[in-house]
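The block underneath contains the structure these notes are about, expressed in structure tokens.
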Amino acid sequence: MNQFPNQIQEQRSSSVSNTQNRVLRNTYWLLASSMVPTVLGAMLAMHYQFFMHMRPGIFTLLFFVGAFGLMYLVERNRHSSTGVFMLYLFTFFMGAMLSPILSVILQLRDGPQIIMMAFGGTGIIFATMATIASTAKKDFSTWSKTLFLGVVVIILAGIANIFFQVPALSLTISVLAMVIFSAFILVDVQRVVRGGETNYISATLTLYLDIYNVFVSLLNIIGLSSRN
């Protein structure tokens with residue numbers, strides 16, 4: 001008498017698990033493919049020097065308007081193939097926004113090595129955090145509010161440092177950003193693994209932002225250390 005309800009429960013659990021695995025697999029695939037337009041955007045922007053002579057304040061305004069505008073379009077179209085296109089457009093734009101810092105780094109004697117170190121470090125951080133998030137029993141979702149407050153502090157400090165240009169503050173901001181967005185990888189991957197996020201386009205957008213900020217932070221940290 002009790003076997004039939006148990007079978008139904010097992011089938012439901014299996015279905016939920018399959019859905020979560022599919023979302024996670026699609027997220028990783030889309031995340032990997034989104035690196036292509038990121039690299040293209042960075043290369044084209046550096047080649048044509050789109051932002052090299054732009055004032056920092058105008059560049060920051062363009063960054064926030066473009067990034068938030070495209071993120072809105074990605075989320076609005078997340079249930080259709082248009083959302084994938086918007087995500088690729090967003091990653092292309094974010095790659096182009098990397099061009100100023102990449103250009104500065106490449107002017108250093110060991111510039112290419114710094115970029116590769118930042119890229120490799122980002123990959124190691126992502127792989128480590130994603131593994132922990134997929135296997136740990138601890139619920140990391142409780143970290144979200146604290147991490148969000150940390151992001152607000154970083155943004156405000158970053159905007160202030162545009163005008164003050166203090167290297168020590170820049171280094172501090174970069175270290176904090178690396179820690180915070182590494183922790184966000186834990187939170188965001190676990191949300192997908194546990195079924196809190198069922199749309200792979202939204203999940204990819206979130207993880208892309210985490211990885212992007214970890215990479216930029218590592219570039220700043222290693223670049224500043226090299227220059228010093």
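The figures here come from the full heavy-atom set of this structure, side chains too, leaving out hydrogens, waters and symmetry mates.
The heavy-atom pair separating Val192 from Ala203 by the smallest distance is CG2-CB, 3.7 Å. Residues Ser134 and Val189 come closest through the heavy atom pair OG-CG1, 4.0 Å. The heavy-atom pair separating Asn220 from Ser174 by the smallest distance is CB-OG, 3.1 Å. Closest non-hydrogen pair, Met94 versus Ala67, comes out as SD-CB, 4.1 Å. Tyr28 and Ala130 get closest at one heavy-atom pair: OH-CB, 3.6 Å. The two atoms that bring Asn161 and Ser170 nearest to each other are ND2-CB, 3.5 Å, heavy atoms only.
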Please list, one pair per line, the donor and acceptor atoms closer than 3.5 Å that link side chains of residues 44-53 to other protein atoms, with sequence neighbours excluded.
none

Output side-chain donor-acceptor pairs under 3.5 Å for residues 180-188, partner residues at least two apart or in another chain, one line each.
unit_1	atom_1	unit_2	atom_2	d
Ser182	OG	Met178	O	2.6
Asp188	OD1	Arg191	NH1	3.0
Asp188	OD1	Arg191	NH2	3.4

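With sequence neighbours excluded, the residues satisfying side-chain hydrogen bond (donor to acceptor under 3.5 Å, both in side chains) with Ser33 are Tyr88. Not counting sequence neighbours, the partners of Ser141 by the side-chain hydrogen bond (donor to acceptor under 3.5 Å, both in side chains) test are Asp139. With sequence neighbours excluded, the residues satisfying ring-ring contact (aromatic ring centres under 6.0 Å, His included) with Phe140 are Trp143.
Under the 3.5 Å distance criterion, the side-chain polar atoms of Asn213 are matched with a main-chain donor or acceptor of Leu209. Formation of a donor-acceptor pair under 3.5 Å by the Gln190 side chain with backbone atoms of Lys138 is found in this model. Between the side chain of Tyr200 and the backbone N or O of Leu30, no donor-acceptor pair lies under 3.5 Å.
Atom CD1 of Ile201 is separated from atom CG of Leu87 by 7.5 Å, given to the nearest 0.5 angstrom. Between Met71 atom CE and Phe93 atom CZ the span is 9.5 Å, to the nearest 0.5 Å. Separating the OG1 atom in Thr122 from the CG atom in Leu218 is a distance of 4.5 Å, to the nearest 0.5 Å. Taking CD1 from Ile105 and CD1 from Ile114, the interatomic distance works out to 5.0 Å, rounded to the nearest 0.5 Å. Between the OG atom in Ser202 and the CG atom in Leu207 there is a gap of 11.0 Å [rounded to 0.5 Å]. Atom-to-atom distance recorded for Ser217:OG and Ile125:CD1 is 9.0 Å, nearest 0.5 angstrom.
Residues Leu176 and Thr172 are in side-chain contact: their nearest non-hydrogen atoms beyond the backbone lie under 4.5 Å apart. A 4.5 Å side-chain heavy-atom check between Leu102 and Leu219 finds at least one atom pair inside the cut-off. For the pair Tyr212/Leu98, a side-chain contact is recorded, criterion being any heavy-atom separation below 4.5 Å from C-beta on. Using a 4.5 Å heavy-atom cutoff, the side chains of Met54 and Leu62 are in contact.
Clustering of Ile, Leu, Val, Met, Phe, Trp and Tyr by side-chain heavy atoms under 4.5 Å joins Val39 with Met43. Applying the under-4.5 Å side-chain rule to Ile, Leu, Val, Met, Phe, Trp and Tyr, the cluster around Leu156 extends to Phe148, Val152. Think of Met116 as one node in a network of Ile, Leu, Val, Met, Phe, Trp and Tyr side chains linked at under 4.5 Å; it has no links at all.
None of Thr206, Thr204, Leu205, Thr91 except one satisfies the side-chain contact (heavy atoms from CB on, under 4.5 Å) rule with Leu31; the exception is Thr204.
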Would Asp210 and Val214 count as a side-chain contact (heavy atoms from CB on, under 4.5 Å) if you check the C-alpha gap in whole Å, the side-chain angles of each, and the deciding distance to 0.1 Å? CA-CA 6 Å; Asp210 297 338; Val214 170; 5.6 Å; no

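In the hydrophobic cluster analysis, where Ile, Leu, Val, Met, Phe, Trp and Tyr join through side-chain heavy atoms closer than 4.5 angstrom, Phe68 is grouped together with Phe59. When the side chains of ILVMFWY residues are joined at heavy-atom separations under 4.5 Å, either directly or via intervening members, Val153 and Ile221 end up in two distinct hydrophobic clusters. At a threshold of 4.5 Å between side-chain heavy atoms, the hydrophobic network of Ile, Leu, Val, Met, Phe, Trp and Tyr places Met35 and Val74 in one connected group. Two different hydrophobic clusters hold Val175 and Leu149 under the rule that ILVMFWY side chains link at heavy-atom gaps under 4.5 Å. In this structure, Phe119 is a member of the same hydrophobic cluster as Met117, with clusters built from ILVMFWY side-chain heavy atoms closer than 4.5 Å.
Identified under the side-chain hydrogen bond (donor to acceptor under 3.5 Å, both in side chains) test for residues 95-112, with sequence neighbours left out: Asp110-Ser226. Listed by first and then second residue, the salt bridge (charged side-chain N to carboxylate O under 4.0 Å, His left out) pairs involving residues 140-155 amount to none (not counting sequence neighbours). Residue pairs that meet the side-chain hydrogen bond (donor to acceptor under 3.5 Å, both in side chains) test with at least one member in residues 36-46, sequence neighbours left out, are Thr38-Tyr208. Among pairs with a residue in residues 68-77, those fulfilling salt bridge (charged side-chain N to carboxylate O under 4.0 Å, His left out) read Glu75-Arg78, at least two apart in sequence or across chains.
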